[in-house]
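Every number for a ligand or one of its atoms is a count from 1 in the order of the listing. Residue numbers start at 1 and run along the sequence shown.
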Amino acid sequence: MDLNKLASALITDDDLLPCEEYEKIYPERVKGEKAEVTRLAPSPTGFIHLGNLYSALADERCAHTTDGVFYLRIEDTDEKRKVDGAVESVIRSLKYFGIDFDEGAEINSPLNNYGPYYQRQRAKIYRAFVKRLISLGLAYPCFCTEDELNAVREVQTAEKKITGYYGEYAKCRNLSEEQIYKNLAEGKPYVIRLKSQGSTDNKINFRDEIKGEVTVTENDQDVVILKSDGIPTYHFAHAIDDHFMRTTLVIRGEEWLSSLPVHLELHKVLGFKPPRYAHTCSLMKMDGDTKRKLSKRKDPELSLDYYRKAGYFPKAVVKYLMTILNSDFEEWSLKNPDADYREFKFRIGKMGKSGALFDLDKLNDVSRTEISKLSERECFEFLNEWVSEFGTDKDREHFKDKEYIIKVLALIMGVGGKKRRKDIERAEQGVRLIDYFFDDTFTPEYSFRFDDRTVNCVLDVFSDMYDPEDDNTVWFAKVKSIAPLIGFASETSDYKAHPENYKGSVSDIAEILRVAVTGMPNSPDLCTIMRILGKERSIKRLYAARRA
Ligand code: GLU
């Protein structure tokens, strides 16, 4: 059979470059020997999940700890799954977590020499190589219909054989020249399949960068490489793209491990040296007593949007993921509590070989610790970002007064004090904690433990004495001075020694003032709160809390 003629009849483009040209267009990258070129290659479905971030973090670390390149390729061969704005959303989501690409789709970079980075725009490259494989007798057209393929699968299943298109079942593999041209003349749709040279009798020993030594069975399936719409399958596009984008290390989910024999064969017939592979294990969670994969349907925490909306501190999510990625990260982080996670020596070989457990409680814990370390200004930036996207109109109004909020945050977070506040795990909690510093969100439900006369007396007397210029000592002396007027002990120790002699103690007086000013029996230092609120607002609150 004249294979060149067949190749031209099947791949009709008249503007394809000779395959060798692509080696020149996309030359080897000039990088150090150790430099890793990694990529994230999502489909533009609009759903970017924790698994993507997990994998992107490994990609990014491998590239950036070796002076390599991390790029974004969009695998859009399945037009039906495409969602508008999905690419921007991937970039924005990862950026939120501090992960930036060096080159790729929608990345404005002078390094973009290996594009286009959308697979649909690379059709000519794929078709040039498909044409070459056909002319070498390594690929052929298949005219089988969906019904025919289903019928074969049924027979294979009934006979307990491996399903697929191979060996005796590969009907179109040996079509005569006459039959092929007849089918073409009749306008029958066709796909192009690889003419596999492999045999399941052969094993391949292979070294995965995460799983270690793996033995796989050689491929013998005549997989589809070009679909009937002229667009390649993932398998074929992967081989072409990772070769010409000069990827050195493919980090991808372990669900692809079973396709590895196909990918190794494709690289071989294309004459390419395969990249190194690292197959990451799936993220799991405990569901009762059982461990299971995180699921899009059941687990909102799988979506990256969940963390943005809930207001997780992005660095905390990344730090927590680092603890799953490399088991010695946690220890390093404890020894170096103030170091940036990027200083840690990340290694792909230290990644877990099976099921990585994702534990939301642990993440919350890391988040509380990270937030507790923020300065009041960093905390403002963090909360403000959440407020601008997810807060209420009132929140946004409040956050316009940056300096006021910064004062409030310094107090709330215990900045400069001995004990930093360690119970805020998400932005929303932080924002709600400062609601009482604004009149329109100050909605107290006063609950006093003393009779109305006592409460009113405390509020009135203190209002008359209050001076925002007073320091803490003077402020407290004034609170104490109310005690004898209402039969309370000025010293808590006196009260403790003889509770029967008093109606309460000085700390109860402070509590009455606190409930009036903040609406709560517990709060940070009340004297500072009143100073931040200002005299007028503080007095107003003392008055508003009076019992009728
Ligand atoms: N588009 C594939 C996916 O989203 C990429 C797999 C790979 O990284 O090679 O699963």
### Query
Nearest protein heavy-atom contact for atom 4 (O) of ligand 1: which residue, which atom, what distance?
Ala41 O, 3.7 Å

### Protein contact to atom 9 (O) of ligand 1 [nearest heavy atom, distance to 0.1 Å]
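Ranked first by proximity to atom 9 (O) of ligand 1 is Tyr234 OH, 2.3 Å.
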
### Query
Do the two ring centres, one from Tyr320 and one from Tyr54, sit under 6.0 Å apart?
no

### Atom of Gln221, atom of Leu194 and distance for their closest heavy-atom approach
O-CD2, 4.3 Å

### Query
Quick check: does Val250 get an N/O under 3.5 Å from an N/O on ligand 1?
no

With atoms numbered from 1 as shown, which atoms in ligand 1 lie under 4.0 angstrom from a non-hydrogen atom of [X]?
{"X": "Arg39", "result": "7 (C), 8 (O), 9 (O)"}
{"X": "Arg252", "result": "7 (C), 8 (O), 9 (O)"}
{"X": "Glu75", "result": "1 (N), 2 (C), 5 (C)"}
{"X": "Trp256", "result": "6 (C), 10 (O)"}

### Among Arg252, Lys353, Glu255, the one residue meeting side chain to side chain donor-acceptor pair (under 3.5 Å) with His279
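Testing each of Arg252, Lys353, Glu255 against His279, the sole residue satisfying side chain to side chain donor-acceptor pair (under 3.5 Å) is Arg252.
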
### Message
Angle between ring planes, Tyr22 versus Tyr26, binned at 30° and 60°: parallel, tilted or perpendicular?
### Response
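Geometry flag for Tyr26 against Tyr22: parallel rings.
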
### Trp256 and His235 aromatic ring geometry - parallel, tilted or perpendicular at 30°/60° bounds
perpendicular

### Task
May I ask you to check if Lys5 and Tyr181 form a cation-pi contact, with NZ or CZ under 6.0 angstrom from the six-membered ring centre and within 45° of the axis?
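Checked: cation-pi criterion met.
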
